[in-house]
Participant: 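The structure under discussion is supplied below as structure tokens; questions concerning it will follow.
Order of the sequence lines sets the chain letters (A, B, ...), proteins ahead of strands, with each chain counted from 1. The model shown is predicted, which means the values in this text are computed figures rather than measured ones.
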Amino acid sequence: MTKLTGYLRQDGRKGIRNRIAVAYLVECAHHVAREIAWPRRTDAHVIGFPGCYPNDYAQKMMERLCTHPNVGAVLLVSLGCESFNRFKLEEVIRASGRPVDTLVIQRAGGTAATIARGQAWIEETLVKLGAAERVPMDISDLVVGTVCGGSDGTSGISGNPAAGSAFDRLVEAGAACIFEETGELIGCEAIMAERAVTPDLAVELRRSVAKAARYYETLGYGSFAAGNAEGGLTTIEEKSLGAYAKSGQSQISGLIKPGDIPPRGGLYLMDVVPDGEVRFGFPNISDNAEIVEMMASGAHMTLFVTGRGSVVGSALAPVIKIAANPEMYARLTADMDVNAGRIIDEGASVDEVGQEIYDLVLQVAAGQQTSSEAMGHAEFILTYKSFEPIGPACLPA
Amino acid sequence: MTEIDTRIDTDRRLLLLAPEDNVVVARAPVATGEKVRLEGRIVTLTSGISMGHKLARRPIAAGEPIVKYGAVIGTATEAIPQGAHVHIHNVKSNYTATISLDGAEAEGSNDTRKRP
């Protein structure tokens, strides 16, 4: 049994990493943030919001991400004239007990001077973080997300059911597990709703998928990339049924939106499709947008199932890469953490690969690096959205 | 080419996911012109397929639902013979249309005649 320890935060949550977030508050500050983090890029990860105009969702996401349990300190990098409320963000971070500072490029003397000050701050802060003590941590302290990307005809028969099996084990052990992308549950709404803990939640689950279907209809096409078809997936509902398998067999405890923290262990659906009229384009423009939203809801790590072969990782929270397709695994072995393709070509059972994933989750929580993490993958993307708060039926007591 | 094993009902490379399905999934590539056992019959494949692609388990009529995982994944847009590749050229979504790059279907199948 892997013994877990974590970094205790003021809000009671525990982190499995102790990273510095270097956050740009508009794209104009992105380069400076990247240069500040670069020499210490294993410990200091760049996150940020590119837009110049204010957005409540982006503000909430940045607040949640900067106070994520895996984050020990935050350096904000502002150009100076953007609309993002850096004062409020800094206040939230300071109230969380984390070291925080804001550098404003227009005041600090431009690019070179800001980079120098930022790098010096990182060095000082790393010394402080190095002294942090770890406390015992239980599986029930963990929040784990799941996503599938670069899906093909193998995803739904190997990697996704195996991730679902790992989810069943995690939920059983008391962890909070999040599955998402309601646009990839189109066609599964009826069978999914039967798993809701209350009839009112079942209604909310169906409503979230109906909203996604309507949203994508307005956009003209679904959450379906050309590579999905090349890999043997024919329709969005076929892709959905495969993706749905990631959720496992547990009862569904609640419906959350990006940034909502699961109140206790259990399985949660995250509704990632904006509310209201179609305004800001695609709900999730690529897989990392989904990973970021689950991190904002506290996910310590993400199980990422891929058939075609995605290589991405993530800033702040490790990504466990599960290969669904054995041919792809042979080509991209070093990028993968688990070969679920052996269910297809070696007759391994979904259950045994599920156990392998579960064991790996505990090892990664205990500090073991994932493949993408070790290779320095730290992708991050956050774009405009808008949400209404969830209703009372979404989180039954 | 391997001998056809007549003791088995369906080639082991073709996976049936649920009893009510009318498609089977290839868990290994199958070549054009290959003879395979499918539901007790020997079928010559007019179009080979890559891993993860689907074949018709039995003849499917135009307008009939395509069933995989025991659930409907779309509708046949034309009559599909037993053993034929079931994909974007003969199935449409009941929700939103599928997009694909030109030539993607030809790459998914091993049928070189369709290559641009």
Participant: If you look at every heavy atom in B:Lys54 and A:Thr234, which pair is closest and at what distance?
Facilitator: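 Shortest heavy-atom separation between B:Lys54 and A:Thr234 comes out as NZ-OG1, 2.6 Å.
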
Participant: Which heavy atom of B:Leu17 sits nearest a heavy atom of A:Ile157, and at what distance?
Facilitator: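 Of all heavy-atom pairs spanning B:Leu17 and A:Ile157, the closest is CD2-CG2, 3.2 Å.
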
Participant: Nearest 0.5 Å, what's the OG1-CG distance between A:Thr235 and B:Asn94?
Facilitator: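 A:Thr235 atom OG1 to B:Asn94 atom CG measures 7.5 Å (nearest 0.5 Å).
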
Participant: Calculate, to the nearest 0.5 Å, the distance between atoms CD1 and CG belonging to B:Ile88 and A:Asn228 respectively.
Facilitator: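 Interatomic distance, B:Ile88 CD1 to A:Asn228 CG, rounded to 0.5 Å: 11.0 Å.
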
Participant: Only pairs of heavy atoms separated by less than 4.5 Å count here; which of A:Ile236, A:Asp152, A:Asp345 has the most with chain B?
Facilitator: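 Maximum pair count with chain B is reached by A:Ile236.
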
Participant: CD of A:Gln249: more than 12 outside heavy atoms within 6.0 angstrom?
Facilitator: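 Not buried by this count: 12 neighbours or fewer within 6.0 Å.
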
Participant: Does atom CZ (B:Arg41) have a neighbourhood of more than 12 heavy atoms from anything else shown, all under 6.0 Å?
Facilitator: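 Open.
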
Participant: Tell me if a side-chain donor or acceptor on B:His87 pairs with a main-chain N or O of A:Glu230 at a distance below 3.5 Å.
Facilitator: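 No.
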
Participant: At their closest point, which heavy atom of A:Asn325 faces which heavy atom of B:Met51, and how far apart are they?
Facilitator: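 Smallest interatomic distance, heavy atoms only, reads OD1-SD, 3.4 Å.
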
Participant: Does CD belonging to A:Glu172 count more than 12 external heavy atoms closer than 6.0 Å?
Facilitator: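 Counting neighbours around CD of A:Glu172, 12 or fewer heavy atoms of other residues, nucleotides or ligands fall under 6.0 Å, so no.
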
Participant: Looking only at heavy atoms, which two atoms of A:Glu327 and B:Pro29 are closest? And how far apart?
Facilitator: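 Nearest pair, atom of A:Glu327 first, then B:Pro29: OE2-CG, 3.4 Å.
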
Participant: Which pair of heavy atoms, one from B:His53 and one from A:Ala229, lies closest together, and at what distance?
Facilitator: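 In terms of heavy atoms, the two residues are closest at CE1-O, 3.9 Å.
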
Participant: Which answer fits B:Ile66, side chain, backbone, both or neither, if we ask what part of it has an atom under 4.5 Å from a heavy atom of chain A?
Facilitator: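 Neither part, no heavy atoms under 4.5 Å.
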
Participant: Locate the shortest heavy-atom distance separating A:Leu241 from B:Lys68; write the atom from each residue and the value.
Facilitator: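 For A:Leu241 and B:Lys68, the tightest heavy-atom pair comes out as CD1-O, 4.2 Å.
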
Participant: What part of B:Tyr69 is in contact with chain A, defined as an atom under 4.5 angstrom from a non-hydrogen atom: side chain, backbone, both or neither?
Facilitator: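 Answer is side chain: those atoms of B:Tyr69 sit under 4.5 Å from chain A.
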
Participant: Looking at chain B, which one of A:Ser240, A:Ala324, A:Gly242, A:Gly307 has the largest number of heavy-atom pairs inside 4.5 Å, strictly under?
Facilitator: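 With the most close heavy-atom pairs to chain B, the winner is A:Gly242.
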
